[in-house]
Protein chains: 2
Amino acid sequence: MRADARENRARVLTVARELFAERGLEVPMAAIARRAGVGIATLYRRFPTKESLVMEAFAEQFAVCQGVIDDALRDPDPWRGLCTVIEKVCLLQAADRGFTAAFTASFPELHSEVRDRTWEHFAALVRRAKDSGQLRADFSPHDLTLVLMANSGLSGVPVEVATAASRRLVAYLLESFRSGTDVLPPPVPLSLDLVLS
Amino acid sequence: MRADARENRARVLTVARELFAERGLEVPMAAIARRAGVGIATLYRRFPTKESLVMEAFAEQFAVCQGVIDDALRDPDPWRGLCTVIEKVCLLQAADRGFTAAFTASFPELHSEVRDRTWEHFAALVRRAKDSGQLRADFSPHDLTLVLMANSGLSGVPVEVATAASRRLVAYLLESFRSGTDVLPPPVPLSLDLVLS
DNA sequence: CCTCAAGCGGACGGGGGTCTCCACTTAGCA
DNA sequence: TGCTAAGTGGAGACCCCCGTCCGCTTGAGG
């Protein structure tokens, strides 16, 4: 690949990440091309479809996401691990307006093996946190999805506001997860497949 | 207005409410017209713009919303009033996929007098609930907006799932609002104007 | 420096959305 | 029953988006 082409490709990716974060995935390809200083055709030669651009732009964040859960599982304090997972992923989500959409869009592509493993890891974390007595017994692993969906509702405001709001929301929820005594409505198995239909 | 015309208009409104609830505001005008059994032109004669159709379709729900807060203020138990407000409005939101979008879209139109009054009513409710010792002192009236935005993140799944999820989310949050002892991140003044920019 | 394949940009096709125009139909009154 | 204004439906103008095609440009090796 020629030097100028490589540079153009990199600039497109950077710009795409910025715009997706600012304005969500609905930003037109033409806007990305314009801001990157290239023609539309150039953009489409490097990324044959909008989806492929989105995937590449968010690949890094997905890896981070994955790592967060694995790190948390290694934390000797399961409650702290759980809090960290929720806090970090929610902040990622709040700071990037396109994150949720990219994640749900990429969900079917993710090899089911990987996602099942991640889910089991999280379930194990929940179990250990309950056993240590720091997490309420009626917490369900599906509540992670509940939190993520709720947190996604904060996107759409400027990033600084969204992150501040996310922090407060998560603080409220975590407090309830720890010390809860009320009777809750039953957990809802919020499979992401539901969002996609 | 001719009898058949009046009936057509009513049918359009009914169908619009159904489709907006099911599929959100992005449902095309053509789909509404088709399902109502009228031509597109008929639809546009009664509602000169899509926005006007949305406003009329949701006017009823806005009134309900208004009433919910006023009722709550008359409740002798301010904590129960607060819970009722949050629960009812969140359920309205979860049951109708277009509700949030319609609300934020109509927000600038709402006479500022009305919305200021409603906001003051809610703030008064919060104050009374704090005075009665049932609501944590660091709760902010802006947290209502926080809850509504979070709850709006649950739209997009089938209605029954969304309502169940909403109930559980609200239960978690209310528990935290009542019994909270943790230090929270500062409240975020989530003006709805932010969502519109 | 010359060559040429790799790279480039913008015009364009196709699809889907909102809203308009206009020739036809029909309710409802005398 | 006949008249007419109110009502109707669908074609199409206009716009925005994704993705393609094609003639021009340019980096870089010999």
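For the numbers below, each heavy atom of this structure counts, side chains included, while hydrogens, waters and symmetry mates do not. Each chain gets a letter, A, B and so on, in the order its sequence line appears, and its residues count up from 1. In this text, all values refer to a predicted model and were calculated from it rather than measured experimentally.
- Aromatic ring pairs are classed by plane angle as parallel below 30°, tilted from 30° to 60° and perpendicular above 60°; the pair B/F99 and B/F103 is parallel.
- Between B/T49 and C/dT18 there is no side-chain N or O to OP1 or OP2 distance below 4.0 Å.
- For the pair B/R9 CZ and C/dA27 C1', the computed distance is 19 Å after rounding to whole Å.
- Look at CZ on A/R45: it is 18 Å from P on D/dC18, rounded to the nearest Å.
- The CZ-C1' distance, from B/F47 to C/dC19, rounds to 15 Å in whole Å.
- Geometrically, B/R115 engages B/F107 in a cation-pi contact, judged by NZ or CZ lying under 6.0 Å from the ring centre and within 45° of the ring axis.
- Between B/D4 atom CG and D/dA5 atom C1' there is a gap of 13 Å when expressed in whole angstrom units.
- Phosphate proximity of C/dG7 to A/N8: absent, as no side-chain N or O sits under 4.0 Å from OP1 or OP2.
- Atom-to-atom, OH of A/Y44 to P of D/dC21 comes out at 13 Å; the value is rounded to the nearest Å.
- Counting any heavy atom pair closer than 4.0 Å across all strands shown, A/R46 reaches sugar-phosphate atoms only and no base atom.
- In this structure, CD of A/E26 is placed 10 Å from P of D/dC17, rounded to the nearest angstrom.
- Ranked by how close their nearest DNA chain C nucleotide is to the 5' end, B/A30 and A/A5 are led by A/A5.
- To the nearest angstrom, C1' of C/dC8 lies 18 Å from CZ of A/R34.
- At the heavy-atom level, A/A41 lies under 4.0 Å from base atoms of the strands shown.
- Between A/L25 atom CG and D/dC17 atom C1' there is a gap of 15 Å when expressed in whole angstrom units.
- Mapping B/M1 and B/P28 onto DNA chain C by nearest heavy atom places B/P28 closer to the 5' end of the strand.
- A donor atom on one side chain and an acceptor atom on the other are not found under 3.5 Å apart for A/E51 and A/T49.
- Applying the 4.0 Å criterion to OP1 and OP2 of C/dG7, one finds that A/T42 has every side-chain N and O outside that range.
- The backbone N or O of B/S176 lies less than 3.5 Å from no partner atom in the side chain of A/E175, so there is not a single donor-acceptor pair.
- Nearer the 5' end of DNA chain D, as judged by each residue's closest nucleotide, is the contact made by A/K50, out of A/K50 and A/R2.
- Backbone-only contact: A/A3 has heavy atoms under 4.0 Å from sugar-phosphate atoms and none from a base.
- Legend: residues meeting ring-ring contact (aromatic ring centres under 6.0 Å, His included) with A/Y172, ordered by chain and number and at least two apart, are B/F177.
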